[in-house]
Amino acid sequence: MAAPRRAWLVFGFSTEEAVGEPETEPGLGPRRLESGPEGIRRLWPAWSYLVVETGAGLELRSAGLRRRLRGWAEALPSETHLVLRGPAGARAWRRAAALRGELRGEPAWSRALPPEPRRPPPLPLLPGGGFAAPRPPFFAPLPAGVRARRLALGHEHALALGDAGQVHAWGGGRHGQLGHGTLESELQPRLVEALAGVPMQAVAAGGWHSASVSEAGDLYVWGWNESGQLALPSKALAEERAQDGDVGAGDTALTPRREQLAAEGTAFISIQAFPALLDLPQDLEVTEVSCGSRHTAVVTRGGELYTWGWGKYGQLGHGDNSSSDQPRRVEYLVAEGLQAEEVVCGPWTTYVHVLEP
């Protein structure tokens, strides 16, 4: 019996666009990641490049460029530095040096690690305690009372998923992304009390928003909703839709759609400072969640992909560049008979691992 066929598809901004080169596959449809005979096991996207794990090890990719990263097991990329973890230590290299394949000189940061446990925690967590970040100062310890099995990093904040499914959040909080009910920052991990008693199986951090999935498959969202990334009513998107519908009207006129919008008195949400339980269509249960800079994607138990938020580069996978403040199923996968198994968002991209028919 033949082994199931799997592939990674990507929607949205391309590495060719990032460096000003023509796209190899222009358009808003998905692009298939070249996997080779080894296949792609995991990937870690940045804005202008991508690190993938194949059967032959790690490989850096950017606009046709391929660099083998021999001897390393995991990656944590950013637009300034690339953090790599190996059996004996972790190091940070400047992005430019990594793109040139110059990883033999003095790194920007290094840290020796204790012998790896049988199953080391995934980056950003490091064996021996603490976690790495892809920007200076590159390392921070975790308080003794916080035992994390997963860690998610946003632009200004962090989320830790504990052994018992509890969630701690800290860092910048000006957009409500910590879920503590305020816009204050927190220097140390603080329990997200609104989720206490509801064990979580996954957490994700976007630019300035957050999400978590409970063991029962419920999805919680909080933080900034400027582009509809929480799938809650966004005033900016409503006004954008109204403006599109009133093309040709004067700028100062209260046009029919805007008048209707004002009359409806919709309860728009720009910041959600407490976790909100999000109802997906047909009460679908969620298994995976990932957040981009200003968009969100989930995989359901039935293998469907839903996305919402900022869509300027087609990263929502709906065949256009519209943004959405409502969860929408990616119909391309359904039409092609593809079952979503995993989703990973880059800043302006969405990568989905699919099982092919």
Side-chain angles (χ1 to χ4, degrees), residues 42-51 53 58 60 69 72-99 103 106-114 116 120-162 167-175 177-179 185-190 192 202-212 223-224 289-294 344-349:
R42 293 183 294 175
L43 54 80
W44 300 270
W47 182 74
S48 65
Y49 66 103
L50 170 74
V51 178
E53 180 191 19
L58 299 193
L60 184 151
L69 302 173
W72 301 101
E74 283 189 301
L76 188 62
S78 78
E79 289 307 302
T80 60
H81 293 83
L82 170 63
V83 173
L84 297 171
R85 182 191 64 79
R91 294 183 179 180
W93 308 90
R94 291 193 178 278
R95 168 188 168 276
L99 291 175
L103 301 183
E106 187 69 22
W109 166 82
S110 65
R111 183 177 180 85
L113 299 176
E116 284 192 2
L123 279 177
L125 293 171
L126 292 172
F131 64 94
R135 304 171 188 85
F138 300 114
F139 175 80
L142 282 174
V146 178
R147 295 175 58 88
R149 56 185 165 119
R150 292 285 189 277
L151 192 85
L153 298 178
H155 285 330
E156 302 172 349
H157 73 297
L159 302 174
L161 177 64
V167 178
H168 286 80
W170 68 101
R174 62 195 173 109
H175 293 294
Q177 63 263 51
L178 302 185
S185 298
E186 295 285 344
L187 295 178
Q188 296 295 324
R190 177 182 166 189
V192 180
V203 293
W208 301 272
H209 71 291
S210 304
S212 66
W224 202 25
V289 62
S290 187
C291 298
S293 180
R294 287 184 286 163
V344 178
C345 291
W348 299 355
T349 51

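The figures here come from the full heavy-atom set of this structure, side chains too, leaving out hydrogens, waters and symmetry mates. Residue numbers count from 1 along this sequence.
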## Note on the structure
Those residues at least two apart in sequence (or on a different chain) that pass side chain to side chain donor-acceptor pair (under 3.5 Å) with S110 are none

#### Entry: Min side-chain heavy-atom separation P347-R294 under 4.5 Å
no

### Task
May I ask you to test the F139-R111 pair for a side-chain heavy-atom distance under 4.5 Å?
yes

### Query
To the nearest 0.5 Å, what is the distance between CG (L142) and NE2 (H168)?
10.0 Å

### Summary
For F131 and P141, the nearest pair of non-hydrogen atoms, with its separation, is CE2-O, 4.3 Å

### Query
For A205 and A152, which heavy atoms make the closest approach, and how far apart are they?
N-CB, 3.7 Å

### Query
Please walk me through it: do R42 and E74 pass side-chain contact (heavy atoms from CB on, under 4.5 Å)?
CA-CA 9 Å; R42 293 183 294 175; E74 283 189 301; 3.2 Å; yes

### Query
Are the side chain of S290 and the backbone N or O of C345 linked by a donor-acceptor pair below 3.5 Å?
yes

### Task
Write down the atom of P114, the atom of P127, and the distance for their closest heavy-atom approach.
CD-O, 3.5 Å

### Message
Would the distance check show the side chain of E79 and the main-chain N or O of A46 forming a donor-acceptor pair, the cut-off being under 3.5 Å?
### Response
no

#### Entry: Euclidean distance, R135 CZ relative to L153 CG, rounded to 0.5 Å
8.5 Å

#### Entry: H155/W208 aromatic ring centres below 6.0 Å
yes

### Query
Heavy-atom distance under 4.5 Å between the side chains of E156 and Q177, does that happen here?
yes

### Task
Give me the one residue out of V203, L159, V192 that meets side chain to side chain contact (heavy atoms under 4.5 Å, CB included) with S212.
V203

### Query
Once you round to the nearest 0.5 Å, how far does CD of E186 lie from NE2 of H157?
13.0 Å

### Query
Heavy-atom distance under 4.5 Å between the side chains of L60 and L50, does that happen here?
no

### Task
Could you walk me through whether L84 and W93 pass side-chain contact (heavy atoms from CB on, under 4.5 Å), step by step?
CA-CA 8 Å; L84 297 171; W93 308 90; 4.1 Å; yes

### Task
For the pair V51 and L43, evaluate side-chain contact (heavy atoms from CB on, under 4.5 Å) and give the outcome as yes or no after the intermediate values.
CA-CA 6 Å; V51 178; L43 54 80; over 6 Å; no

### Query
Any side-chain heavy atom of W109 sitting closer than 4.5 Å to one from V83?
yes

### Task
Examine distances only and state if a side-chain atom of R149 and a backbone atom of G162 form a donor-acceptor pair shorter than 3.5 Å.
yes

### Query
Got L76 and W44 here, is their nearest side-chain heavy-atom distance under 4.5 Å?
no

### Task
Using modelled atom types only, decide if a donor and an acceptor are shared between the side chain of E53 and the backbone of L58 within a distance under 3.5 Å.
no

#### Entry: Heavy-atom side-chain proximity of R95 to L82 below 4.5 angstrom
no

### Side chains of W72 and R91 in contact at under 4.5 Å (non-hydrogen atoms)
yes

### Query
Rounded to the nearest 0.5 Å, how far apart are NE2 of H209 and SG of C291?
3.5 Å

### Task
Answer yes or no: are there more than 12 heavy-atom neighbours, outside R94 itself, under 6.0 Å from its atom CZ?
no

### Task
Please name the pair of heavy atoms, one in P134 and one in S78, separated by the smallest distance, quoted to 0.1 Å.
O-OG, 2.9 Å

### Task
Decide side-chain contact (heavy atoms from CB on, under 4.5 Å) for L123 and L151; before the verdict, give the C-alpha distance in whole Å, the side-chain angles of both, and the deciding distance to 0.1 Å.
CA-CA 8 Å; L123 279 177; L151 192 85; over 6 Å; no

